[in-house]
Amino acid sequence: MKEAQANLVVPVVAALASLWALLSPANSLANALLLVALALVALLKPQQWVRALTLAGLTVVFTVLIREQSDDKFAFYGLIGTLLSAALLKVPTYIKVLIGVAILFVSIPLAGLGNSLFLELGVQVAIFSALALGLNVVVGQAGLLDLGFAAFFAIGAYTWAIFGSGQANNFIAGNHFPLNPWLFFVFLPIAVVTAAIVGVLIGLPALRLRGDYLAIVTLGLGEVVRVLANNLDHPINLTNGPQGITPVGRPPVDWLINILNGLGLGRVYGRPIDESITYQIFFYVLALVVVAIVIVVNVRLSNSRFGRAWVAIREDEIAAKAMGIPLLPTKLLAFATGAAFSGVMGAIYGAKQTFVNPESFTLNQSIFILAMVILGGMGNIGGAVVGATAVTLLNIDILKNLSDQLNTWRQTGFTLLGYNFANLPTQLEPAKYERFVFGLILILMMIFRPEGLIPEQRHRAEMEEARLEAKDEGKLQEGSA
Amino acid sequence: MSIAELLSILPQTLLEGLLLGFVYAMVALGYTMVYGVLGLINFAHSEIFMIGAVTGIEVFRYLGNGGNPYLILLLAFIVAAAVSGTVAVLVERLAYRPLRRRGSKNVLVPLITAIGVSFLLQDLVRAIEALWHNEFNLQYPSYDTFNYDVLSKLGSPLGLTLAVKGLIVILVSILMLAGLNYLVNRTKLGKAIRAVAQDMSTAGLMGINPDVIISRTFLIGGSLAGVAGVLFGLVYTNVTPYSGFQPGIKAFTAAVLGGIGNIPGAVAGGLVLGELETLGGTYLGFLTGGNFGSEYAQVLAFLILILILLFRPQGLFGQNVSEKV
């Protein structure tokens with residue numbers, strides 16, 4: 001379609017859909033049309049400013065919709081889609097920033113005040129984005145497959161959990177613990193450093209190996225960390241074993257309640273806001289800020305000498321060595337960076353849940369993070385965030401909803417194509433089949449699109465080159481024939 | 001426990017380690033053979049093993065009431081070998097072959113695929129069992145015939161006890177290993193497998209179809225894992241869709257221990273690892289004064305793996321191969 005036509009069609013469809021959806025809320029047809037409009041913004045290629053204005057308009061519409069109907073999942077996913085479109089499509093940078101800030105810091109917190117599920121999803125996405133970014137440095141940029149990545153997340157979580165609860169009293173004399181909850185902010189950098197040190201300690205033996213052996217050894221060391229967390233309740237009680245540590249301290253949020261009251265947001269749907277929702281907002285904003293810092297650090301590192309050294313090692317280790325790149329220190333730096341990113345999120349996760357136990361840091365979790373990196377595109381920072389968003393929402397929201405839907409159908413005896421859902425075995429719950437989903441993502445991506453949904457630029461250039469080469473060869477053969 | 005008591009349970013511990021070692025050895029062979037021909041750590045092999053164990057349970061479930069238990073067990077071996085072998089071939093055909101066709105040089109791509117297959121198979125088996133029987137924590141039936149202590153007839157030398165099922169594990173394993181040895185070293189197929197392992201493209205020039213041979217290798221490795229799965233279930237009784245992981249990773253360690261790609265090495269590695277793990281489980285608590293008990297026995301395999309890879313990556317029996325550029 002011509003640009004001029006697209007300029008007309010896209011805003012008109014978006015406007016009509018918005019009008020319809022606003023006039024008759026909870027109308028699924030109107031909602032579907034809104035999604036179509038969002039897709040059109042990406043698919044047809046209107047001018048940049050048309051695209052920007054449409055996305056901005058959609059942001060407002062989705063926000064209004066989600067305010068009117070606090071359980072409007074569809075508007076939430078619309079917001080996520082708008083955010084991703086704004087971030088990935090070609091629009092002026094200040095528009096990107098504007099839409100990003102509006103959605104992340106206004107729309108989603110507003111939606112969350114009505115329905116805390118949205119904030120929970122937001123926090124989880126932010127946490128896993130940082131983890132995916134960390135693993136992306138190791139796997140995507142430096143090409144070192146780490147299958148025990150959840151270990152660093154665990155280190156960060158336990159670092160704060162042990163001292164932010166009464167746990168440390170078990171091995172440090174005197175009754176000094178739990179520490180003052182405000183010290184949580186001091187422990188964030190401590191968690192970064194601890195995780196980075198453990199990264200180096202694990203890396204020192206493991207990184208002498210290459211390729212597939214490294215993968216197996218990191219898997220083993222990840223399991224070792226989990227077994228240690230599970231069993232270090234004796235001889236000294238460090239981790240409290242399988243029961244885990246609870247309650248983990250978290251900084252007070254009265255100040256935030258005061259701010260919200262000052263902003264006139266103190267009453268949500270007629271109810272005064274309580275501590276739990278304030279904590280959700282607090283951890284949501286904190287996680288977002290940390291993700292932003294992680295992204296900045298990651299971008300600056302990838303454009304530095306170290307980033308180029310990582311890519312060189314990934315592409316050809318022997319050639320990189322011949323060019324004078326010190327292999328072990330460079331790899332260790334990648335490991336420590338990745339570990340640091342997940343360590344800080346571990347501490348936040350521990351404080352947010354107020355509970356830490358070894359079961360949160362299994363091989364499952366490591367593969368879960370790997371699936372995000374693979375889906376998004378190895379080596380690409382944007383890809384890691386998109387992958388984390390998609391896989392997290394899929395795992396904690398979509399699969400769960402599917403389970404609930406099946407349960408409802410089972411209870412009501414719903415019949416589809418002659419199959420009565422009342423006969424469905426109770427053990428079949430889609431929410432429990434996350435391994436199936438991650439496995440499928442890994443296999444399909446590796447077979448059909450190993451470069452990921454959003455390929456790294458270098459990768460894209462390589463593929464383009466390969467295509468051109470293939471074309472040239474074809475021409476040569478034609479010429480000789 | 002006193003030293004005398006510890007010594008008195010040593011023979012029994014060694015015997016149990018032997019049983020575990022034989023199971024590991026049979027699974028390790030699958031890893032080592034696939035690594036030999038493809039250079040791929042077939043992560044999904046542990047699930048092929050688990051599928052064998054689950055298939056065995058299904059056979060017992062349908063034939064278990066009455067009938068000769070030995071006949072049913074024989075049938076379980078055959079069906080499990082067939083099912084596991086078929087699944088292994090299918091995995092190779094559907095997941096690994098497309099990657100080989102594309103000719104990507106990145107070693108991580110097949111490995112990540114293998115992890116994906118492993119996860120997928122675990123939940124697939126769980127879904128099938130859930131749909132079929134509405135449960136996925138499965139138990140092998142307990143037969144008095146299989147639990148009978150064969151050594152009691154001989155007056156229990158050294159206080160040893162060995163149930164019939166333990167004897168079955170040892171006999172079947174030795175039989176299968178001898179069969180494999182014959183197959184690889186004395187038959188045309190074995191020669192072809194060795195040729196493909198040595199150099200795939202040259203083997204292709206000699207009139208061997210590498211795809212067919214790779215497929216056969218997966219079939220053989222998968223069948224062995226299927227039989228090993230039934231043996232494992234028979235002795236350790238409890239089987240879930242997730243019980244392949246731990247034995248799988250240990251069998252892989254065994255393969256590395258013996259030098260990956262090396263068939264006798266895998267058997268030796270399996271036996272050594274089985275013994276070490278059983279000894280660790282029994283004596284670790286005593287040796288560390290109760291501070292680190294048997295729960296650390298499962299970590300032992302990983303530590304051995306790391307040490308072997310760091311100090312003798314070619315394994316106990318492998319030859320040193322220099323890196324090709």
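In what follows, chains carry the letters A, B, and so on, assigned in the order in which the sequence lines appear, proteins first and then strands, with residues in each chain numbered from 1.
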Output the option from A/Arg208, A/Met378, A/Glu223 having the highest count of non-hydrogen pairs under 4.5 Å with chain B. A/Glu223
Taking every non-hydrogen pair under 4.5 Å, which of B/Val117, B/Leu99, B/Leu309, B/Thr253 racks up the most with chain A? B/Leu309
Do A/Val227 and B/Phe302 come close enough that some side-chain heavy atom pair is under 4.5 Å? no
Sub-4.5 Å side-chain heavy-atom contact between A/Ile443 and B/Phe119: no
A/Pro205 versus chain B, the contacting section by heavy-atom distance below 4.5 Å: both
Using every non-hydrogen atom in the two residues, find where B/Ala130 and A/Tyr433 come nearest and quote the distance to one decimal. CB-OH, 3.8 Å
Examine whether an atom of A/Leu214 lies under 4.5 Å from a heavy atom of chain B, and if so say whether it belongs to the side chain, the backbone or both; otherwise answer neither. neither
Checked B/Asn134, B/Leu121, B/Ile112 vs chain A; the most non-hydrogen pairs under 4.5 Å come from B/Asn134
For B/Leu305, which atoms come within 4.5 Å of any heavy atom of chain A: side chain, backbone, both, or neither? side chain
Name the member of B/Glu135, B/Gln122, B/His133, B/Arg126 that forms the most heavy-atom pairs with chain A at distances under 4.5 Å. B/Arg126
Quick one: of A/Asn364, A/Asn230, A/Asp316, who has the most non-hydrogen atom pairs under 4.5 Å with chain B? A/Asn364
Proximal component of A/Ile367, with respect to chain B [non-hydrogen, under 4.5 Å]: side chain
Please classify the contact between B/Phe311 and chain A as side chain, backbone, both or neither, with a heavy-atom cut-off of under 4.5 Å. neither
For B/Ala197, side-chain contact (heavy atoms from CB on, under 4.5 Å) partners two or more places apart: B/Val37
Between B/Asp123 and A/Phe436, which heavy-atom pair has the shortest distance, and what is it? OD2-N, 2.9 Å
Among A/Leu221, A/Leu370, A/Ile374, A/Ile216, the residue with the most heavy-atom pairs under 4.5 Å to chain B is A/Ile216
Who among B/Val299, B/Leu111, B/Leu94, B/Leu131 has the most heavy-atom pairs with chain A under 4.5 Å? B/Leu131
Within a strict 4.5 Å, meaning less than it, do heavy atoms of the B/Arg102 and A/Pro450 side chains meet? yes
What part of A/Leu232 gets within 4.5 angstrom of chain B, counting heavy atoms only: side chain, backbone, both, or neither? both
Can you name the residues that form a ring-ring contact (aromatic ring centres under 6.0 Å, His included) with B/Phe43, not counting sequence neighbours? none
Answer key: most heavy-atom pairs under 4.5 Å with chain B among A/Val217, A/Asn231, A/Val139 is A/Asn231
Would you mind checking which part of A/Leu209 comes under 4.5 Å of any heavy atom in chain B, side chain (CB onward), backbone (N, CA, C, O), both or neither? side chain
Determine whether A/Lys432 and B/Phe136 make a side-chain contact, defined as any pair of heavy atoms from C-beta on separated by less than 4.5 Å. no
Are any non-hydrogen side-chain atoms of A/Phe438 and B/Ile115 less than 4.5 angstrom apart? no
